[in-house]
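See structure below.
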Amino acid sequence: MPDDLRKIIHVDMDAFYAAVERRDNPQLRGKPVVVGGNPDSRGVVATCSYEARRFGIHSAMSCARAYRLCPQVIFVRPHFEAYQKVSQQIREIFLQYTDLVEPLSLDEAFLDVTSNKPNIQSATWIAQEVRQKIKQKTNLTASAGVSYNKFLAKIASDVNKPDGLTVVTPEQAEQFIAKLPIRRFHGVGRVTEKKMQNMGILTGADLREHSLEELNKYFGKAGKYYFNIARGIDLRPVMPNRLRKSIGKETTLSEDSADLGQMLTVIGELAQKVAALVQAKQTSGLTLTLKVKYADFEIVTRSISCDHPIETAEEILSLAERLLSKTRAEEKSVRLLGVTISSLTTNISAEEVLQMELPFSD
Ligand code: DCP
Ligand code: MG
């Protein structure tokens, strides 16, 4: 298929956590709202309402800073189960149109509707239907971008946020990209942005003036990618079910053991590793699972779900210890132990997934 004949939609909920909180608590409507940690401690902003964004508040900023920018801001704690429910509801709507749905996080996904279940010609029409159905089902708004590849659809969905739709046709792509600041290009992180600025590359148009040889010279493998996206070429397919569902680690003991103390030491080390991964991915999870393989190779798992996100090594260890007591570890001796966090609360894997697909990262 020629590379400009696919029909790709990117759907992204507006101010997702904040919108859910506002829906469920009418007192928050029309007010600057931050969802996140505690402003008195070292909490960060997960997201905020558009009213709060007007004061310069944004995701990943410290709550303390958000408070300084807007003292009347209302801080609310997240309700992950509500977000997961909405995530499931919108997924069901997407699947009415195509099975080629690639979630990037709880609130956003790519859909390839080149061929689709209801046989609708216009991807723009589908995007409007999807947005309407989301509104009906969840009472929340989503924005969508429609184009012929992932790169353009994703950027397009941001253009008319909130509650907007943007279409970039193959004819419009060149102009659309020419005007884009390079930091909006996926795969351009801060380091690359600086490097490009030093070369006088500020927009898509500037990028396009550089030859493949030149870009290869400065950016190595990534040169080809930049060369292509400057021309609106992005052949990455929409990959269903790419969403990371869990983060875990396991280890085989150096010798089978029936010693609880030794098992807890191993679990403590696993807990440290899992907590570090969870933090690196800026996520957390609601469910902890302990896996035990006994010396006779029988495998059992025990799980526990919390009403708050599990993030720290200490909490992982203490939960895992409780789970271990529900196994026959001491009796049967153990060969392998594993610790996994699931029901992830955010999915910063959006970035991760995109980076994984790119030939480089910075
Ligand atoms: N999120 C988070 N920490 C971040 C970024 C996001 O916890 N650093 C969570 C909260 C967001 C959700 O993920 O509500 C979706 O992220 P988006 O980037 O899509 O942001 P929003 O949906 O909040 O706003 P927008 O309207 O800009 O999409
Ligand atoms: Mg969003």
Side-chain angles (χ1 to χ4, degrees), residues 10-80 82-84 86-87 90 103-109 127 130-131 134-135 138-145 152-166 168 176 179-186 188-190 193 202-203 282-284 309 345-351 354:
H10 178 256
V11 181
D12 188 333
M13 302 295 288
D14 302 317
F16 183 47
Y17 293 4
V20 174
E21 297 304 330
R22 184 151 66 170
R23 177 193 68 181
D24 298 345
N25 178 358
Q27 287 181 344
L28 301 175
R29 292 193 189 146
K31 307 242 170 78
V33 173
V34 160
V35 181
N38 190 333
D40 301 331
S41 63
R42 294 183 316 156
V44 293
V45 175
T47 193
C48 59
S49 65
Y50 279 74
E51 289 83 355
R53 291 182 198 196
R54 266 176 234 132
F55 293 88
I57 301 173
H58 57 76
S59 292
M61 168 183 283
S62 77
C63 289
R65 172 119 193 269
Y67 178 75
R68 284 199 298 276
L69 287 171
C70 175
Q72 69 270 36
V73 74
I74 304 172
F75 288 91
V76 286
R77 308 293 290 194
H79 295 94
F80 296 105
Y83 313 148
Q84 265 157 351
V86 173
S87 189
I90 63 174
L104 293 179
S105 71
L106 291 182
D107 87 322
E108 68 179 299
V130 164
R131 291 187 342 102
I134 289 177
K135 183 87 218 293
T138 68
N139 205 13
L140 298 167
T141 62
S143 297
L152 287 166
K154 179 151 169 86
I155 296 174
S157 71
D158 235 20
V159 172
N160 283 314
K161 242 179 188 307
D163 201 12
L165 173 81
T166 303
V168 180
F176 181 79
K179 281 190 281 196
L180 275 183
I182 41 135
R183 102 184 80 79
R184 301 280 303 276
F185 286 58
H186 256 288
V188 175
R190 280 203 207 116
E193 186 184 359
L202 303 180
T203 63
Q282 297 186 41
T283 185
S284 55
T345 50
T346 64
N347 284 290
I348 310 302
S349 58
E351 284 305 312
L354 280 163

Checklist entry - Hey, mind stepping through Ile74 and Val34 against side-chain contact (heavy atoms from CB on, under 4.5 Å) and telling me if it holds? => result CA-CA 6 Å; Ile74 304 172; Val34 160; over 6 Å; no
Checklist entry - Which pair of non-hydrogen atoms, one from Arg184 and one from Asp158, has the smallest distance, and what is that distance? => result NH2-CB, 3.8 Å
Checklist outcome for this item: CG (Leu140) and OH (Tyr83) are apart, to the nearest 0.5 Å, by 11.0 Å
Item to check | Taking every non-hydrogen atom, the tightest pair across Gly30 and Arg22 | outcome: N-NH1, 3.7 Å
Item to check | Over all atoms of both residues, closest heavy-atom pair of Ala18 and Ser49 | outcome: CB-N, 3.7 Å
Checklist entry - Hey, are the side chains of Glu193 and Ile182 touching, using non-hydrogen atoms and a 4.5 Å cut-off? => result yes
Checklist entry - Does atom CZ of Phe75 have more than 12 heavy-atom neighbours, drawn from other residues, nucleotides or ligands, at distances under 6.0 Å? => result yes
Next on the checklist: So Pro32 and Val73, do their side chains get closer than 4.5 Å, heavy atoms only?
Outcome noted: yes
Next on the checklist: Among Glu21, Arg53, His58, which residue satisfies the side chain to side chain donor-acceptor pair (under 3.5 Å) criterion with Thr47?
Outcome noted: Arg53
Item to check | Backbone of Arg23 reached by a side-chain donor or acceptor of Arg29 within 3.5 Å | outcome: yes
Item to check | Spacing of Thr203 atom OG1 and Arg183 atom CZ [to the nearest 0.5 Å] | outcome: 11.5 Å
Checklist entry - Would you find a donor on one side and an acceptor on the other, under 3.5 Å apart, between the side chain of Ser59 and the backbone of Ala46? => result yes
Checklist entry - Is a side-chain donor or acceptor of Ser87 paired with a backbone partner of Leu106 at a separation under 3.5 angstrom? => result yes
Checklist entry - Is any side-chain heavy atom of Asp12 less than 4.5 Å from a side-chain heavy atom of Asp107? => result yes
Checklist entry - Does Arg131 reach the main-chain N or O of Ala142 with its side chain, forming a donor-acceptor pair under 3.5 Å? => result yes
Item to check | side-chain contact (heavy atoms from CB on, under 4.5 Å) assessment of Phe185 paired with Leu180 | outcome: CA-CA 8 Å; Phe185 286 58; Leu180 275 183; 3.5 Å; yes
Next on the checklist: Is it the case that the side chain of Thr141 and the backbone of Met13 share a donor-acceptor pair, with hydrogens and angles ignored and the cut-off at 3.5 Å?
Outcome noted: no
Checklist entry - Would Tyr50 and Lys161 count as a side-chain contact (heavy atoms from CB on, under 4.5 Å) if you check the C-alpha gap in whole Å, the side-chain angles of each, and the deciding distance to 0.1 Å? => result CA-CA 10 Å; Tyr50 279 74; Lys161 242 179 188 307; 3.6 Å; yes
Next on the checklist: Once you measure the plane-to-plane angle for Tyr17 and Phe80, does it fall in the parallel (<30°), tilted (30-60°) or perpendicular (>60°) bin?
Outcome noted: perpendicular
Next on the checklist: Rounded to the nearest 0.5 Å, what separates atom CZ in Arg68 from atom CD1 in Ile57?
Outcome noted: 11.0 Å
Item to check | Rounded distance (nearest 0.5 Å) linking atom NZ of Lys31 with atom CD of Gln72 | outcome: 11.0 Å
Next on the checklist: Quick one, His10 and Leu104 - any side-chain contact, counting heavy atoms below 4.5 Å?
Outcome noted: yes
Checklist entry - Yes or no on salt bridge (charged side-chain N to carboxylate O under 4.0 Å, His left out) for Lys135 and Asp163, after CA distance, side-chain angles and deciding distance? => result CA-CA 10 Å; Lys135 183 87 218 293; Asp163 201 12; over 6 Å; no
Next on the checklist: If you compare all heavy atoms of Asp14 against all heavy atoms of Ser143, which two are closest, and at what distance to 0.1 Å?
Outcome noted: OD1-OG, 2.8 Å
Next on the checklist: If we ignore hydrogens and angles and just use 3.5 Å, is the side chain of Lys154 paired with the main-chain N or O of Gly145 as donor and acceptor?
Outcome noted: no
Next on the checklist: Restricting to non-hydrogen atoms, name the atom on Leu165 and the atom on Asn160 that form the minimum distance, rounded to 0.1 Å.
Outcome noted: O-ND2, 3.3 Å
Checklist entry - Just how far is it from atom OG of Ser62 to atom OH of Tyr67, taken to the nearest 0.5 Å? => result 13.0 Å
Next on the checklist: I want to check something: taking the side chain as every heavy atom from C-beta on, are His79 and Val35 in contact at a cut-off of under 4.5 Å?
Outcome noted: no
Next on the checklist: Could you check whether atom CD of Gln27 has more than 12 heavy atoms from other residues, nucleotides or ligands sitting under 6.0 Å from it?
Outcome noted: no
